[in-house]
Amino acid sequence: MTANVVFSRAYGKALDPMPADRAALGMIPISAFQYCEAMRAASSLGWYVFPPKTISLMFDGREVFIADDGQWRTFTHEPLEDSFQESWDSAAPKPLHGHAPSYIRSLSEPGILQIWSGWFVETAPGWSLHVRPLVNIHTVSAFDCFEAIVETDTFRPSALFVNLQITRTNSEILIKRDFPLFQVCAVQRPSLEGQSATFQDITTPNQAAGSEFGWDGLMKTMRIPGVTEKRAATGSYGAEIRRRKKSGSP
């Protein structure tokens, strides 16, 4: 496998994962998009993943209901249409016949659901998949997506799904097929293991004397009129990062 991430579609109607957008689908402030390279970089990390179909839900604080031909009913898990079951059985080995994944499942705690995208995913050796809410996109108050890091190089192919907590009660919650539901990105295993940190007090005299705090560097990152060096222009941080990327410097 040459790519860090391989997406495999199982449900033919599932939308392709879409490369994440530096503008967060136009949701970040204009000034942030123009000048804040840190927000732009975070927004563009990985791919947006869509739900397999439009879903209408309602939560009364205890049970979750799904709309079915204009009627609300409770559920434990919901299969996709019969044509998908048939295509699954035609492609899957015999022991998996009749066991196509459900697209939505109610978990054990009230208001917590699992939604499958219709895709499976795997990563190259040493890489895991970070499943997370949409970055810098805050358009829905009805639910929150949980974050997870899945070792998709070992447990592969893994169903590409997200768990979410419904937070709004007694009104319809519409999860649209054509709007991203969550975001994923590949992360290297070493970045998840063996992390360490050093803690120091820089304003306590006895401890500050032996610290290695970078005061000279701080003079370049803080903005104090008449004290620190004046930046050439607004957004100079982003400009420097982009120049470094173009030059190939680390």
Side-chain angles (χ1 to χ4, degrees), residues 1 3-21 25 45-57 64-69 73 75-107 111-124 127-135 137 139-140 142-166 172-186:
M1 181 166 51
N4 287 340
V5 183
V6 174
F7 297 102
S8 298
R9 190 193 332 256
Y11 179 51
K13 297 179 181 179
L15 297 177
D16 290 355
M18 184 176 77
D21 176 27
L25 300 177
L45 192 60
W47 296 265
Y48 296 137
V49 182
F50 299 81
K53 59 188 299 183
T54 297
I55 309 169
S56 292
L57 302 170
V64 179
F65 302 83
I66 192 167
D68 186 6
D69 294 328
R73 59 178 175 81
F75 67 97
T76 54
H77 58 87
E78 289 294 304
L80 287 162
E81 58 267 23
D82 291 343
S83 59
F84 168 64
Q85 314 299 320
E86 294 170 2
S87 64
W88 174 270
D89 287 350
S90 67
K94 192 170 183 178
L96 293 178
H97 287 185
H99 297 287
S102 300
Y103 74 92
I104 186 169
R105 184 177 298 273
S106 181
L107 302 184
I112 297 183
L113 305 175
Q114 184 178 96
I115 296 180
W116 176 52
S117 64
W119 290 82
F120 290 87
V121 65
E122 55 187 298
T123 48
W127 291 79
S128 295
L129 195 73
H130 185 184
V131 179
R132 61 181 305 175
L134 299 174
V135 178
I137 298 176
T139 59
V140 180
F143 59 84
D144 295 318
C145 292
F146 289 104
E147 294 198 37
I149 294 178
V150 186
E151 294 190 6
T152 42
D153 60 340
T154 301
F155 299 93
R156 64 180 187 183
S158 177
L160 182 55
F161 64 84
V162 68
N163 293 333
L164 57 86
Q165 169 77 65
I166 296 180
E172 183 178 13
I173 299 167
L174 188 64
I175 299 177
K176 295 183 178 181
R177 173 180 179 266
D178 59 358
F179 193 85
L181 179 60
F182 60 102
Q183 193 162 338
V184 298
C185 65

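It should be emphasised that the depicted structure is a prediction, and the values quoted were computed from it without experimental measurement. Residue indices begin at 1 and follow the sequence shown.
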Distance-only, no hydrogens or angles: does the [X] side chain make a donor-acceptor pair with backbone N or O of [Y] under 3.5 Å?
X	Y	answer
Thr54	Arg177	yes
Trp88	Pro101	no
Gln183	Leu45	yes
Trp119	Leu15	yes

Holding to side-chain hydrogen bond (donor to acceptor under 3.5 Å, both in side chains), I want the full list of residues that pass it with Ser102, two or more places apart in sequence or in another chain.
His77
Check whether any side-chain heavy atom of [X] sits under 4.5 Å from a side-chain heavy atom of [Y], and report yes or no.
X	Y	value
Phe75	Val64	yes
Leu113	Arg105	no
Leu160	Phe182	yes
Leu129	Ser158	no
Ile137	Phe179	yes
Leu181	Val162	yes
Ile115	Ile55	yes
Ile104	Leu57	yes

Can you name the nearest heavy-atom pair linking [X] to [Y], along with the distance?
X	Y	value
Tyr48	Asp21	OH-N, 3.2 Å
Tyr103	Pro52	CB-CG, 3.8 Å
Cys185	Gly46	CB-CA, 3.8 Å
Phe120	Pro157	CB-CB, 4.0 Å
Cys145	Pro133	O-CG, 3.2 Å
Ala186	Val5	CB-CG2, 3.6 Å

Within this structure, what is the NZ-OG distance for the pair Lys176 and Ser56, rounded to the nearest 0.5 Å?
10.5 Å
Value for CG (Asn4) from OG (Ser128), rounded to nearest 0.5 Å, stands at 11.5 Å
If you count the non-hydrogen atoms of other residues, nucleotides and ligands that lie under 6.0 Å from CZ in Phe146, is the total more than 12?
yes
Under the side chain to side chain donor-acceptor pair (under 3.5 Å) definition, can you give me all pairs with a residue in residues 142-154, not counting sequence neighbours?
Thr123-Thr152, His130-Glu147, Asp153-Arg189
Scan residues 11-20 for pairs that pass side chain to side chain donor-acceptor pair (under 3.5 Å), counting only residues two or more places apart or in two chains.
Arg9-Asp16, Tyr11-Glu81, Lys13-Glu81
